[in-house]
Trainee: 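After the structure tokens below, expect a handful of questions from me.
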Amino acid sequence: MFNFPFMQHALIAGTLIAIMSGLIGPFIVARRMSFLAHTLSEIGFAGASFALFMSWSPLVGMLLFSVVASMSVGGLGIKEQRSESLISAVSAVAIGLGIAFLSLSDKNATAATGILFGSIFSINKGDVLEVAILAILVILVTLLMFRPLRHFAFDYTTASFSLKNLQLIEVLFLGLMAVTVAVSAQVVGSLLIFILMILPASSAMRWGRTVWQIIGLSILFAVVGVWLALGLSFWLDLPVSFFIALIEAIIYFVSLSRKK
Amino acid sequence: MIILDGKDIGIKFDDRWLYQKVNFRLEQGHNLALIGDNGVGKTTMIRAMLGKVPLTTGEFIWHDDSNRKIAYVPQYRPDMQAFPLRVSDFVALTFDQGLRPWLSKLEKQRLTAILAITNLTEIADQRIDNASGGERQRAYLAQALVQNPDILILDEATANLDNVAKYALMDVVKNYQHQYQLTVIMVSHDIDIMKKYADEYLLLTKHGSEYEKIDQLDVAKLKEGGQILV
């Protein structure tokens, strides 16, 4: 099956995206920003439909919308960021905008499903290159700011006193999150962003006892999920997103049943 | 040596003064107890010292070099319990400067030494959420000490500890303090602890402040549990 170029592209892009999401996920979960990540993906959906309407690449639209949204969130206090009603309102507007742009763009239903549920088998060489550049960028920046980010995510109470450039770290982190959301959506779609960014990290938190162990396991769970799903999808001819969701959910439920 | 002078400090929120004309000094290697009624603004005073809250009147005059490192052990730790981090990894979270994603050899030595000083070596590989209250509080302390601070601020560190655990914790602080010339500010309601470990006290009230040697503290002014009588 690896003789098909579409399969090679899917494998390269999928693996890179899994590593990136697996790396950033534990920080998002530890900082309790999972719902914000989900909202960013809905904003990304609006961005992608806007891009279709403008005849740009969906990735560009997603990046634009989710980065701008995450930067404006950075201006809000932490209380507002976790406010469920505010997040619901923003989600609603984002999805509404997405539907509006889709209908304006006169594209068929395939384009919409692609954005919502991912379309990894249809990406070409150029797309792979885009994904690779962004993923490597996110991974590098995360590793460079690993120390402050670790303190920020895992023990915010003391980090807010000991980190001098807290604001900057917060904004950079939101930026990383936004890029990860936009890129991951290429594989799993904007509706299912949780399955690569949040589920592997949440599962890893049940097993790992150091930050590095948690990150390692999170990446492992994400990568294994993507590989298995690509294979299963190839043979059984069902959507990749379905299998990733299934596999990551199984890993998560098994982890949950583990005694703390 | 005096490292900090607080001169005529006043903090006002909206139209309400928390306190005015607060005067005190902080001596190197000493332990200053910060006392006051609940809600009088002890934590606010600390946040002001850390530069997080602006003063309405007065000023802090620092006499040491500006590279001073202040480590703060906050009262509430809402973030901690959700993660199964090991004690050693939790303590190492405060190694938060620099670009190196892993710990250097020097930092590892520092971590081992601090775990030993805080009597955590035996449980270093255990999960922090399984540790007892006293062990957790020592882990918070270790997390602060590992940064090699000049000033340590303890916010109600002994409040939820039993009689054995609170003296165990404060003995660790005292030993470290004497060995490394550490200056300590502790917010506390516990008269026994203050009398035993503090050198001076700063009593904050709505109407002003009182700064004296700890043996001048008039216990009669404090009601049961260390609350100040109005």
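Please read these numbers as outputs of a predicted model, since none were measured by experiment.
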Trainee: Is A:Lys164 atom NZ crowded by more than 12 heavy atoms from other residues, nucleotides or ligands, each under 6.0 Å away?
Mentor: no

Trainee: For a quick test of reading the model, state the closest non-hydrogen atom pair linking B:Asp96 to A:Ser162 and the distance between them.
Mentor: OD2-OG, 2.6 Å

Trainee: Quick check: do B:Arg47 and A:Phe161 have side-chain heavy atoms less than 4.5 Å from each other?
Mentor: yes

Trainee: Just checking, any donor-acceptor pair under 3.5 angstrom between side chains of A:Gln213 and B:Asp89?
Mentor: no

Trainee: In terms of heavy-atom contacts, does CG of B:Leu106 have more than 12 from other residues, nucleotides or ligands at under 6.0 Å?
Mentor: no

Trainee: So with a 6.0 Å cut-off around CZ of A:Phe35, is the heavy-atom count from everything else above 12?
Mentor: no

Trainee: Within the supplied structure, the quantity of interest is the number of heavy atoms (other residues, nucleotides, ligands) at a distance under 6.0 Å from B:Asn160 CG; does it exceed 12?
Mentor: no

Trainee: Should the heavy atoms of other residues, nucleotides or ligands under 6.0 Å from CD of B:Glu122 be counted, would the total exceed 12?
Mentor: no

Trainee: Checking heavy atoms, do the side chain of B:Gln97, its backbone, both or neither come under 4.5 Å from chain A?
Mentor: both

Trainee: Okay, side chain of A:Arg147, backbone of B:Trp102: is any donor-acceptor separation there less than 3.5 Å?
Mentor: yes

Trainee: Taking atom CZ of B:Arg110 as the centre, report whether more than 12 heavy atoms of other residues, nucleotides or ligands fall under 6.0 Å from it.
Mentor: yes

Trainee: Does a side-chain heavy-atom distance below 4.5 Å link A:Thr158 with B:Val73?
Mentor: no

Trainee: May I ask you to decide if B:Pro101's main-chain N or O and A:Arg150's side chain share a donor-acceptor pair within less than 3.5 Å?
Mentor: no

Trainee: Is any residue of residues 151-158 of chain B within less than 4.5 Å of chain A by heavy atoms, and which ones?
Mentor: none

Trainee: Roughly how far, to the nearest 0.5 Å, is the CG atom of A:Leu166 from the NZ atom of B:Lys52?
Mentor: 6.5 Å

Trainee: Chain A heavy atoms under 4.5 Å from B:Leu103: which part of the residue, side chain, backbone, both or neither?
Mentor: both

Trainee: Go through the atoms of B:Ala92 and report whether side chain, backbone, both or neither lie under 4.5 Å from a heavy atom of chain A.
Mentor: backbone

Trainee: Counting only heavy atoms closer than 4.5 Å, note whether A:Ile214 contacts chain B via side chain, backbone, both or neither.
Mentor: side chain

Trainee: If I take atom OG from residue A:Ser160 and atom OH from residue B:Tyr72, how far apart are they, to the nearest 0.5 angstrom?
Mentor: 9.0 Å

Trainee: Taking side chain as C-beta onward, heavy atoms only, is B:Leu85 less than 4.5 Å from A:Arg209?
Mentor: no

Trainee: For A:Trp207, look at atom CH2 and say whether over 12 heavy atoms of other residues, nucleotides or ligands are found less than 6.0 Å away.
Mentor: yes

Trainee: When rounded to the nearest 0.5 angstrom, what distance separates CG in A:Leu163 from OG1 in B:Thr94?
Mentor: 10.0 Å

Trainee: Can you name the nearest heavy-atom pair linking A:Pro148 to B:Gly98, along with the distance?
Mentor: CD-O, 4.2 Å

Trainee: Give, as side chain, backbone, both or neither, the part of B:Leu99 having an atom under 4.5 angstrom from any heavy atom of chain A.
Mentor: both

